[in-house]
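We name chains A, B, ... by the order of the sequence lines, and we start the count at 1 in each one. Keep in mind that the numbers below use all heavy atoms, side chains included, and drop hydrogens, waters and symmetry copies.
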Number of protein chains: 2
Amino acid sequence: MTNKSNSNNLTKSEEDYLKALFQLLVEDNSVKVGNNQLAEYLKVSPASTNNMIKKLKTKDYVVSEKYGKLELTEEGRAIAVKLIRKHRLWETFLYNYLNFSWDEVHDVAEQLEHIKSYKLIDELDRFMDFPEKDPHGELIPNSKGEYKVVPKITLSSLEEGDVCKLISVNDGSVNFLRFVSEIGLALSSEIKILEVREFDKSIRIAFNDTIETVTRKFADNVFVEKLI
Amino acid sequence: MTNKSNSNNLTKSEEDYLKALFQLLVEDNSVKVGNNQLAEYLKVSPASTNNMIKKLKTKDYVVSEKYGKLELTEEGRAIAVKLIRKHRLWETFLYNYLNFSWDEVHDVAEQLEHIKSYKLIDELDRFMDFPEKDPHGELIPNSKGEYKVVPKITLSSLEEGDVCKLISVNDGSVNFLRFVSEIGLALSSEIKILEVREFDKSIRIAFNDTIETVTRKFADNVFVEKLI
DNA sequence: TAAAAAAGTTAGCCATGACTAACAAATCAA
DNA sequence: TTGATTTGTTAGTCATGGCTAACTTTTTTA
Ligand SMILES: [Mn+2]
Ligand SMILES: [Mn+2]
Ligand SMILES: [Mn+2]
Ligand SMILES: [Mn+2]
C-alpha cells in the first residue's frame, strides 16, 4: 500500500501542478524536468512553482533534491492520471453529445476535470460506453488508473519520402486545432512528407489530394504513426 | 442596460453568496434577510458575510444600508438565477443519465454549477430536451433567465383533513431525501393530513395505503399543492 | 578554469476568503 | 423607557497561491 489516506483532498492548484509535471515528465518524454521548466509550462513564476513543489514534497507526491530535478511518486502519478482520465472523458462527452467542436472542448474540460466525484466520472465513462480515445486522438486511462504511455512521434521528426498516419494532436491551442481542421487534416489522415526545408524546417506535405506547407512549430504538435 | 461588462468574472464564493441570498430572499419568501441569517445559511461567520456583502455592494450586485437588510440588484438576481439553472440542469442530468439517486445529485451539482461556459449549459439543456423540473420537483429557469418563482406551500402549513399533492422537496439534506424515499413518498404522491399534534407539531399523514408520523422539521421541507 | 548565463531559492508583498474577539447599533421585553 | 439580547461591524489573524526582487547554486561557454 502506497497511499496513506487517499482522501482526495487536493486543491485545484495542487492537481494542476501534478498534472503538468506528469505531462512534462511522461507525455513529452523529457529526460529531466526542472523548476523553471514547470513554471514556464504553467505560466506562473518560478517562485510559485518552487513554493508549490515544496508543499507537494511534504505531501509525498513529488520527490526532488535541492537544486535537483523533479520526479513524481507513484501516488503523484496516480493523481495526474486520474485528472487526465477526467479531462479526456469530459472532452469526449462535450464533443460527442453536446455539439462542441474539437477546438472548444479543452478549455471547458480544464474546469470539469477538477470536479470531485468518483461516481460521476465512472458513470460518464459507462454512459459513453467506455471510449478509448478523446477527440484529439489521445488514449483515455481506464477506471483502474491503467494508462499505456505510448511514446509519441511528431510529424516534425519524419524525413522526406516518409508516409504516416495522423494519430493525435496537441489539444492546448484553439488556433492550432482550427487550422488543422481548416486545411482538411483529421485523425487517421494519411500524410506524405514531400520536402523538409533546411533553412526554417518547414515541411511540405500531401494528404487527401491536398498539398500544404506547414511550419516546424505546427509539425511539433502533430503526432503520427510512421507507415513507410 | 443594467449590465456594465457582463464578463462573468465572479469567483465561486461570490456566486455562492449571491445564490444563497436569492434563495433566502425569494425562494423562502422571507420578508427581510439580514447579515447573520445569511451567515448561518452559508455556515460561515457573520464577519465573513459582512466582508463579502461589502464586496458585492461595490460590484453592484447587492444593495443595503449600514445595519439594514440585504437586497439583490437585477444583476445580482440574474446571476443567482443562472446558478440555479445550472444546478438543476446538472442534477437532472446526473439523475436521468448517470444513475445517480435523488439524494446523491445535489453535492455534485454544487460543484458543477460553477463551471463557466454558456455553450455547455445550453447544450446540456438541449441534450435533455429542455426539462422543466429537476429530480426534486423544482422548476428549471430557461436560458433567457426567465424563472417563475412560485410561492411554496409546506406540508407543515396544512391542517387536519387537508389533502395535498407532493410537488417538490428541499434537496439540501441527503438523510432527509433518503428518508422520504424510504417511507415510500415520491413526487406527485397524494397525502392526507390525518392529525396535527399540538405538543410537538408532528403530523400524521396517509399516502399510498401507508400511514406515517412525521416531525415538523420533516414537514417544513416538503412542498405541496393543496387539493382539498 | 573563470566569467557569464541559466536555473533554483528565498524573502517579502498582495488578494481572497476564511476565522475570532471586541465593539456598536438596533430591537425586544420587562 | 431602559436594560438585555440580538444583530451587525470592525480589527486583526491565518492559509492559499499568486507576484517581484534579490540572492545562490549549477551549468555553460569562452
Ligand atoms: Mn485537453
Ligand atoms: Mn484532448
Ligand atoms: Mn440541489
Ligand atoms: Mn434540486
Side-chain angles (χ1 to χ4, degrees), chain A residues 7-21 24-25 28 30-72 76 79-80 83 110-111 113-114 116, chain B residues 7-21 24-25 28 30-72 76 79-80 83 110-111 113-114 116:
Chain A
S7 47
N8 205 209
N9 281 333
L10 301 186
T11 64
K12 179 182 180 304
S13 274
E14 289 171 329
E15 288 185 341
D16 281 334
Y17 275 89
L18 290 174
K19 191 178 80 158
L21 199 44
L24 286 173
L25 278 167
D28 298 359
S30 317
V31 188
K32 294 285 177 188
V33 174
N35 182 74
N36 291 14
Q37 192 183 345
L38 181 59
E40 194 191 8
Y41 186 81
L42 281 168
K43 299 184 199 316
V44 296
S45 70
S48 295
T49 47
N50 194 277
N51 209 47
M52 179 58 88
I53 287 297
K54 235 179 235 173
K55 189 176 159 194
L56 293 173
K57 282 166 77 172
T58 73
K59 294 196 177 188
D60 288 325
Y61 297 127
V62 170
V63 176
S64 78
E65 291 170 18
K66 209 170 178 179
Y67 292 102
K69 296 302 169 179
L70 306 171
E71 285 180 88
L72 281 169
I79 290 166
L83 277 167
E110 282 294 308
Q111 299 177 62
E113 72 188 9
H114 297 288
K116 286 175 168 50
Chain B
S7 45
N8 204 210
N9 280 334
L10 301 186
T11 64
K12 178 183 182 304
S13 273
E14 289 171 329
E15 289 185 340
D16 282 333
Y17 276 90
L18 291 173
K19 191 179 78 158
L21 199 45
L24 287 172
L25 279 167
D28 298 359
S30 316
V31 188
K32 293 286 176 186
V33 175
N35 182 74
N36 290 15
Q37 192 183 346
L38 181 59
E40 194 191 8
Y41 187 81
L42 282 168
K43 297 182 201 316
V44 297
S45 69
S48 296
T49 48
N50 194 277
N51 207 48
M52 179 59 88
I53 288 298
K54 234 178 235 172
K55 190 176 160 195
L56 294 173
K57 282 166 76 171
T58 73
K59 293 195 176 187
D60 287 326
Y61 297 128
V62 170
V63 176
S64 78
E65 292 172 13
K66 209 171 180 181
Y67 293 101
K69 296 303 168 179
L70 306 170
E71 285 180 89
L72 281 169
I79 290 166
L83 276 168
E110 282 293 309
Q111 299 177 61
E113 71 189 12
H114 298 288
K116 287 175 167 49

If you restrict it to nitrogen or oxygen atoms, what contacts under 3.5 Å exist between nucleotides 14-23 of chain D and the protein, and what is each distance?
{"residue": "D/dG17", "atom": "OP1", "partner": "A/T11", "partner atom": "OG1", "Å": "2.5"}
{"residue": "D/dG17", "atom": "OP2", "partner": "A/K55", "partner atom": "NZ", "Å": "2.1"}
{"residue": "D/dG18", "atom": "OP1", "partner": "A/S13", "partner atom": "OG", "Å": "2.7"}
{"residue": "D/dG18", "atom": "OP2", "partner": "A/Y17", "partner atom": "OH", "Å": "3.0"}
{"residue": "D/dC19", "atom": "OP2", "partner": "A/S45", "partner atom": "N", "Å": "2.7"}
{"residue": "D/dC19", "atom": "OP2", "partner": "A/S45", "partner atom": "OG", "Å": "3.0"}
{"residue": "D/dC19", "atom": "OP2", "partner": "A/S48", "partner atom": "OG", "Å": "2.7"}

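Rounded to whole angstrom, the span from the NZ atom of B/K69 across to the P atom of D/dT7 amounts to 8 Å. Residue B/Q37 contributes atom CD, which lies 13 Å from atom C1' of D/dT6 at whole-angstrom precision. A straight line from CD of A/E65 to C1' of D/dT24 spans 17 Å, rounded to a whole angstrom. Rounded to a whole Å, the NZ atom of B/K59 is 10 Å from the C1' atom of C/dT16. Rounded to whole angstrom, the span from the CD1 atom of A/I53 across to the P atom of C/dT10 amounts to 13 Å. Residue B/E15 contributes atom CD, which lies 15 Å from atom C1' of C/dT16 at whole-angstrom precision. D/dT6 atom P lies 17 Å from atom OH of B/Y67, rounded to whole Å. Rounded to whole Å, the distance from CG on B/L18 to C1' on C/dG17 is 15 Å.
In this structure, A/K32 reaches neither bases nor backbone, as no heavy-atom distance under 4.0 Å exists between it and the strands shown.
At a threshold of 4.5 Å between non-hydrogen side-chain atoms, the residues B/K19 and B/E110 count as touching.
For A/E15, the side chain to side chain contact (heavy atoms under 4.5 Å, CB included) test picks out A/L10, A/L83, A/H114, A/K116, with sequence neighbours left out.
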| request: Please assess A/L24 against A/L70 for the test side-chain contact (heavy atoms from CB on, under 4.5 Å), listing each intermediate value before the final yes or no. | output: CA-CA 10 Å; A/L24 286 173; A/L70 306 171; over 6 Å; no
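The environment of B/E71 atom CD is sparse: at most 12 non-hydrogen atoms of other residues, nucleotides or ligands sit within 6.0 angstrom.
For the atom pair CG of B/L56 and CG of B/L21, the computed distance is 8.5 Å after rounding to the nearest 0.5 Å. Here A/Q37 contributes atom CD and A/E40 contributes atom CD; the two are 8.0 Å apart, rounded to the nearest 0.5 Å.
Closest approach of A/K69 to A/S64, counting heavy atoms only: O-CB, 3.1 Å.
Put simply, B/N35 has no side-chain N or O that comes within less than 4.0 Å of OP1 or OP2 on D/dT7.
Closest to the side chain of A/N50, out of D/dT26, C/dT10, D/dT10, is C/dT10.
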